[in-house]
Amino acid sequence: MCGIFGYVNYYVQRSRSEIVDTVLNGLARLEYRGYDSAGLAIDGDKPDEVLLFKEVGKVAALRKLYASSKINNDRLFDSHVAIAHTRWATHGRPSPINAHPHRSDPNNEFVIVHNGIITNYLALKALLTSKGFVFESDTDTECIAKLCKYVYDLNKDSARPLDFTALAKLVLRELQGSYGLLIKSVHYPDEIIATRKGSPLLIGIKTEQKLKVDFVDVEFPELPDITVANNIPTITTPESAGLSNLTVPHLMTSNLLMPMDGSDLRRSQSRAFISEEGTPMNAEFFLASDPASIIEHTKKVLYLEDDDIAHIYDGELHIHRVRREAGEPAIRSIQTLEMELNEIMKGSFDHFMQKEIFEQPESIINTMRGRIDFEKKTVTLGGLSSYLGTIRRCRRIIMIACGTSYHSCMATRAIFEELTEIPTTVELASDFLDRRSPVFRDDTCIFVSQSGETADSMLALQYCAERGALTVGIVNSVGSSISRQTNCGVHINAGPEIGVASTKAYTSQYVALVMMALLLSDDSISKYERRTSIIDGLSKISSQVEEVLKLNDTIRGIAETDLAQQKSLLLLGRGYQHATALEGALKIKEISYMHSEGVLAGELKHGVLALVDATMPIIFLATHDSLFPKVMSAVEQVIARSGNPIILCNKGESALSKLGKTYRTLEIPQTVDCLQGLLNVIPLQLMSYWLAVKKGYDVDFPRNLAKAVTVE
Ligand code: AGP
C-alpha cells in the first residue's frame, strides 16, 4: 500500500545527497507494504525551485533516476524539507505522471504526497479545471495540490498573509475521503504540513538537546474557527449533481478567503522544542506512515490523530485542530518506540517471510510473556482488565477481520464459544459492512488486525462504535488506528511483520485470542480442567513449533518436486482444522500464485469430490481430535478415487496403516485440539514459501498485494 516519508532538518546542516539518501532509505523501509512507483520532492538550486523525481517500479529505480540527473549533490542545506512516496495504484495506472509527489502547477509551487482516497475528487477537479487549472495525472490526489495553489492565490493579496496552517485548514475542509498528507511549498520554505484522516501518519523527532517536555500542546482556535465562521451550505457542482458524495462544500471564491478574525497561529511557541535559552533547538523530523521507516533515526515519535494538522517550522512542531470537542485531550504525547532496527532486517534469511516463519517459537512466547502464569494457571491481559465484566455480560461476541486475521478468528471461534458460553460469530469486515449487519449496545466486537490499519476493518470498527457496541482490538502494530480507536484490547507483540504474507502474526493472533477466551472463563469452575489443559498446552507450544520447523527440508522437497508443476491444490480439514486449511490455501495463492482451495472436509462429498482423481494434489489436515474418524472417512473417499493425498497427521498415527501405500505423511507433534492449528499451519507456511522460491517469485512482495490494505 502507499507509503509516505518526509524529512525536515532545521539548523542541522545536511548535503543534498544526505537528504536524498535519508528519504530514499525511508522509502525502502516501506517497500514491504507493496507499491508500484515512487517519487520525491526536494529543493533545487535556484530560489523557489522544487525538483520532482518520479519513477515506476522499485525505490532502486527512483535512486537510479535521481543519480542520472547530474544534480549538485554536495550543495549544503542548513534547513530543508523533502517529501517522498511509494504509490500503489488506485486511480490511474502506475506511471511517472501518476506517481507522487503531485504538483499544483508547472512551477511546483505546492507539492504533496498522499495516502488514501479523495472521494470528491471529480467535483474538485471539475471546478479547478473551470478555474484554469490543467490536470496532468489520472489520480484523485492531484486535486489537493491544485486546491492549495488556488486557495493561496485567492488570499495572497489580502491584508494579512495566509500562514501555512490556515491554508491547510481551508484546503482540508474541501476534501472528502481519507488521507495521510504531506504538503511542501515554495511559499513556505523549510516548512511542512502533515495531516491525517483515516490513514496513519507519525512524526519522529531527533534533537541533540533533551526535549523540555514529552508532549506537544494541541492548539485550538481561540476565536470561532474558519470552518464555523463560514457557515456556507454544501454546494453540489453541476458535474456531480445527484451524486451526494461528490460535493465541494466551500469551493466558491468568497468562502476560501481567510476571515479577518482568524486566530493568529504564529503567536504560540511549542514548549517541547524550546531550549534552555528560550530559543528553538536544532532538530530533525521524520514524517512517515509507518514507524519501521524511522527507527534507524530516532525512537521518539508522536502519532497524529485524525484531523490533526501538524505544522513544522523554525524547528518547532505545532499541532492544530479546527475545533475543540468536549473532553478532547489538549496534548499529543511523544512516545518511545520499542522496536529495534534488527527486528526489521532480514539477518541471515533470504526473505522476511522466511525469517518470520522461523521466528514463531519466539514470537509466540512474546505474545504470552507476562500474561500467562503457567504454574498458577492464570491469564492476565492488562488491556482488557477494566472491561472484563462488560464482555462477560455481553449478548454475543462478533469477531471481525480480513484475510489471515479472519482465519485466526475462525481458528479460535469454537474455543471461545466453549469456554465463554457466549454466542460467537466471525465476520469478514467487508461482507459485514455490505450487509449493514445489526449491532447492538450489548455486543462485544473484536477487531483482529496485524497492521491495525486495514480499511475494511476500520470502517467496521467505526460502524460498531457508532452503534454503541464495546470494541476490542487484537492488533500487532502499536499506535495503529485500530489499536487507538477501540475501547480496549491486546497487542499481540509478534514484532514487526514485514513479509506481505502474514505468518507470525497469525500464530500470535491465535494465541492472543485463546488467552482472551481463557481469561473470560476464569470464573467458571466447570471449565477449570479444560482451561488447565490448554494452559499446559500453551506452555509447550513454542518448543513444538521448533520441532515442526525441522520439517523444513522435507517440505521444501515436496514443494519443489511434487507441487511446483501443479496448477491447483486442495487442502481439507474440519473442526479446528478448517481454519488451517483456509489459511494454508491463502498463503499458497498469495505468494506462489497457484490456485489452492481450503475445503471443509465434511463438504467434500457435496461437490468437491468431482475434482478428485490420481492427478489432483490434496493435503489433508488429519491430526488427532474428536473429528479425526470423520476426516479419515474423507481420506478414504479420496483414496478410493485414486487420489494420492499428503496427510498431515500426528506422530506415529496408527489409524493410517489401513489406507495402503498411496499417500505420504507429514508428522506433527500433538497438542490440545484447540491449539493444534498453531502447529499444523507451519508446514503450510513453509510449503507456500518454497513453492514461491522455486517459481522464482518475489516472496516478500507478491504481485498486486500490499501489506496494509488501507483502501476499501
Ligand atoms: C495475509 O497473508 C494477507 N496479506 C492478508 O490477508 C491480511 O491478513 C489482510 O489484508 C488483513 O490485514 P490485517 O491483519 O493487517 O488487518
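In each ligand, atom 1 is the first atom listed, and ligand 1 is the first ligand listed.
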Give me the residue, atom name and distance of the protein heavy atom closest to atom 15 (O) of ligand 1. S451 OG, 2.6 Å

Drop me the distance from S688's OG to I591's CD1, to the nearest 0.5 angstrom. 4.0 Å

In terms of the angle between their ring planes, are H297 and F286 parallel, tilted or perpendicular, with boundaries placed at 30° and 60°? parallel

In terms of atom number and element, which parts of ligand 1 are under 4.0 angstrom from non-hydrogen atoms of K587? 1 (C), 2 (O)

Before giving the answer on side chain to side chain contact (heavy atoms under 4.5 Å, CB included), spell out for D350 and V693 the whole-Å C-alpha distance, their side-chain angles and the decisive distance to 0.1 Å. CA-CA 10 Å; D350 292 330; V693 171; over 6 Å; no

Where ligand 1 meets S502 - atom numbers and elements under 4.0 angstrom, heavy-atom basis: 1 (C), 2 (O)

Please verify whether a non-hydrogen atom of L586 lies at under 4.0 Å from ligand 1. yes

Looking only at protein heavy atoms, which one is nearest to atom 3 (C) of ligand 1, and how far off is it? E590 OE2, 3.1 Å

Just one of R413, Q450, Q509, E583 clears the side-chain hydrogen bond (donor to acceptor under 3.5 Å, both in side chains) bar with S408, so which one? Q509

Distance in Å, Y303 OH paired with S480 OG, rounded so as to fall on 0.5 Å steps: 8.0 Å

Show the atoms of ligand 1 that are less than 4.0 angstrom away from any heavy atom in A501. 2 (O)

Identify the protein heavy atom lying closest to atom 9 (C) of ligand 1, giving its residue, its atom name and the separation to 0.1 Å. C402 O, 3.7 Å

Side chain or backbone, does S457 bring an N or O within less than 3.5 Å of an N or O on ligand 1? no

Tell me the protein heavy atom at minimum distance from atom 13 (P) of ligand 1, and give that distance in Å. T454 OG1, 3.2 Å

Could you tell me whether G452 and ligand 1 have an N or O pair separated by under 3.5 Å? no

Please state which protein non-hydrogen atom is closest to atom 10 (O) of ligand 1 and give its distance, to 0.1 Å? V709 CG2, 3.9 Å

Tell me, do E356 and I498 make a side-chain contact under 4.5 Å, heavy atoms counted? yes

Salt bridge flag under 4.0 Å for residues E590 and K587: yes

So which heavy atom in the protein is nearest atom 14 (O) of ligand 1, and how far is it from that ligand atom? S405 OG, 2.5 Å

Min heavy-atom dist E453 to ligand 1 below 4.0 Å: no

Around atom 7 (C) of ligand 1, find the nearest protein heavy atom and jot down its residue, atom name and distance. T404 N, 4.1 Å

Is a salt bridge present between D443 and R396, judged by a nitrogen-to-oxygen distance below 4.0 Å? yes

Using distance alone, determine whether Q509 and ligand 1 share an N or O pair under 3.5 Å. no

Would you call the rings of H351 and Y689 parallel, tilted or perpendicular, where under 30° means parallel and over 60° means perpendicular? perpendicular

Is R484 paired with E305 through a side-chain N to carboxylate O contact shorter than 4.0 Å? yes

